[in-house]
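Have a look at the structure below, then the notes.
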Amino acid sequence: MIRAATRPLAFVGRTVLGLLGAIGRVAIYFGATLGHVLRPPWYPRELLHQLLHIGWLSLPVVGLTALFTGGALALQIYAGGSRFNAEAVVPSIVAIGMTRELGPVLGGLMVAGRVAAAIAAEIGTMKVTEQIDALVTLSTNPMKYLTVPRVLAATLSLPVLVAVGDSIGIFGGYLVGTTRLGFDPATYIRNTADYLEAWDVISGLVKGAVFGCIVAVMGCYHGMNSERGARGVGRATTRAVVSASILILAANYLLTEAFFSA
Amino acid sequence: MIRLEGVTKAFGAKQVLRGIDLDVETGESLVVIGGSGTGKSVLLKCILGLVRHDAGRILLDGEDVTRTDRDAFLARFGMLFQGGALFDSMPVWQNVAFRLLRGPGRLPKAEARAVAIEKLARVGLDADTAELYPAELSGGMQKRASLARAIAAEPDIIFFDEPTTGLDPIMSGVINALIREIVTEMGATAVTITHDMSSVRAIADRVAMLHAGKIRWHGPVSEMDAAGDSYLRQFITGAADGPIGTLR
Ligand SMILES: Nc1ncnc2c1ncn2[C@@H]1O[C@H](COP(=O)(O)OP(=O)(O)O)[C@@H](O)[C@H]1O
Ligand SMILES: [Mg+2]
């Protein structure tokens with residue numbers, strides 16, 4: 001009787017403890033990564049390689065996401081604005097919405113799907129096929145050789161991807177605004193430029209850097225801790241994407257709170 | 001010389017090594033035999049520090065391996081992993097030259113490449129193979145490329161983890177002969193893991209048998225066949241009935 005009644009409590013307790021343990025392990029891993037960023041040897045070729053894979057090759061995904069989102073945003077703001085004769089806010093709200101929120105968040109989530117998964121699968125496979133052990137025996141620290149270049153590359157590329165996404169998103173809004181909603185092109189552009197402030201853009205880029213770091217750290221962490229066998233790698237990949245996505249959304253809330261709450 | 005004193009290792013509740021005492025003399029070729037899953041790979045990984053042992057001591061030339069300078073320690077070792085463990089993101093020659101291309105004593109690219117091609121030739125792979133990626137090689141070629149990587153920096157001590165498993169008898173013979181030649185020619189200390197008795201006879205100066213987490217028998221290969229130990233006898237003959245349970 002009592003056992004059955006306390007079982008849900010035990011489950012909650014176990015889950016909370018497990019979660020706290022995981023947060024601690026990730027924090028330690030992240031701290032170790034930072035330590036290795038600062039101390040040589042560095043592997044610049046690996047960094048370049050990762051910039052190409054994480055940054056450059058994510059451009060189409062991030063660009064397309066932003067284009068459609070910007071367009072849909074314009075339609076929604078127009079529909080909402082027209083309820084109190086405020087259709088004219090479309091250009092400025094599209095710009096602010098893209099730069100502050102949707103650019104970084106959607107960019108981060110798309111990159112989480114693409115990059116965290118790829119990193120976790122690659123490093124997880126290396127782990128289960130003893131390639132990580134082989135690296136160590138060849139006097140190469142896997143943290144420096146695998147983790148640091150990926151974390152740096154993602155942290156540096158995401159702000160750039162966000163900037164591109166912001167621009168394409170605003171352009172998406174412009175396309176819909178001028179072709180479907182009857183805005184005058186020159187007025188649309190002027191409205192966008194007049195109301196957009198530097199901080200709107202910069203805050204989004206800072207978010208992007210944080211999200212990039214989250215994506216790569218989660219990918220590497222789960223890959224390095226992959227269990228054995230193909231199933232282990234599959235699980236690591238899933239965990240990397242899910243945890244990166246949730247952490248991005250949580251971090252986004254906290255950053256928004258820190259940046260914009262009066 | 002490598003000395004293990006009472007080394008134990010458990011994974012969770014599973015006790016794998018239960019007190020290993022073992023000496024490997026400088027320049028000798030020791031072969032460790034034992035059934036699958038008895039902890040042979042774990043033993044090598046403990047010596048290399050890839051897996052941290054729970055208790056006991058591992059000494060290299062009298063120094064505790066957990067306290068030595070890691071880089072200097074690892075620079076003395078070469079290891080052929082059970083599955084090859086070639087890096088699949090880079091061509092074969094870069095795998096072989098991996099250590100030569102990095103670290104304090106690194107060579108220029110062209111020179112490292114020349115050494116890699118020479119080592120590949122040493123294990124019977126031609127220069128065309130050097131440009132291929134590991135996934136494009138057959139199992140036997142992967143083993144050989146790994147072998148070339150293990151010897152590329154001319155280590156003092158080489159570990160071979162099941163060098164012939166999964167290869168046909170002829171390729172096994174080739175690899176066995178190669179290992180014996182390389183060890184003799186380089187004057188290296190070698191520890192080879194295998195459960196292939198033809199490898200034992202081709203490679204070993206001394207043999208140690210691992211069973212139930214301990215060294216069950218050890219001695220010169222010449223005394224192996226005459227040894228009275230019933231576990232060793234069963235392993236050599238491959239008999240289904242004997243002291244070693246076959247239901248694992
Ligand atoms: N990293 C690990 N985590 C958990 N168990 C392990 C790990 N490595 C090895 N084991 C277990 O230790 C035992 C011995 O493994 P191993 O040394 O690979 O055997 P073998 O003698 O065939 O080389 C096996 O039961 C294996 O499941
Ligand atoms: Mg093994």
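All chains are named by letter (A, B, ...) in the order of the sequence lines, taking the proteins before the strands, and each is independently numbered beginning at 1.
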F30(A) atom CZ: more than 12 heavy-atom contacts under 6.0 Å: no

Most contacts with chain A, counted as non-hydrogen pairs under 4.5 angstrom, among R149(B), M79(B), R70(B): R149(B)

Heavy-atom contact with chain B under 4.5 Å, split by part of I132(A): neither

Pair F98(B) + Y145(A): ring centers closer than 6.0 Å: yes

Side-chain heavy atoms of K45(B) within contact of E130(A), under 4.5 Å: yes

Test side-chain contact (heavy atoms from CB on, under 4.5 Å) applied to F81(B) and T137(A), step by step: CA-CA 10 Å; F81(B) 283 87; T137(A) 61; 3.8 Å; yes

Over all atoms of both residues, closest heavy-atom pair of S139(A) and A75(B): OG-N, 4.1 Å

Any side-chain donor near an acceptor of the partner, T140(A) and R102(B), under 3.5 Å: no

Residue among D71(B), L86(B), L48(B) with most heavy-atom pairs under 4.5 Å to chain A: L86(B)

Shortest non-hydrogen separation from A134(A) to A85(B) and the atoms involved: CB-O, 3.9 Å

Residue among V136(A), T129(A), D133(A) with most heavy-atom pairs under 4.5 Å to chain B: D133(A)

Audit row: F77(B), L138(A), side-chain contact (heavy atoms from CB on, under 4.5 Å) steps and yes/no: CA-CA 8 Å; F77(B) 283 88; L138(A) 293 165; over 6 Å; no

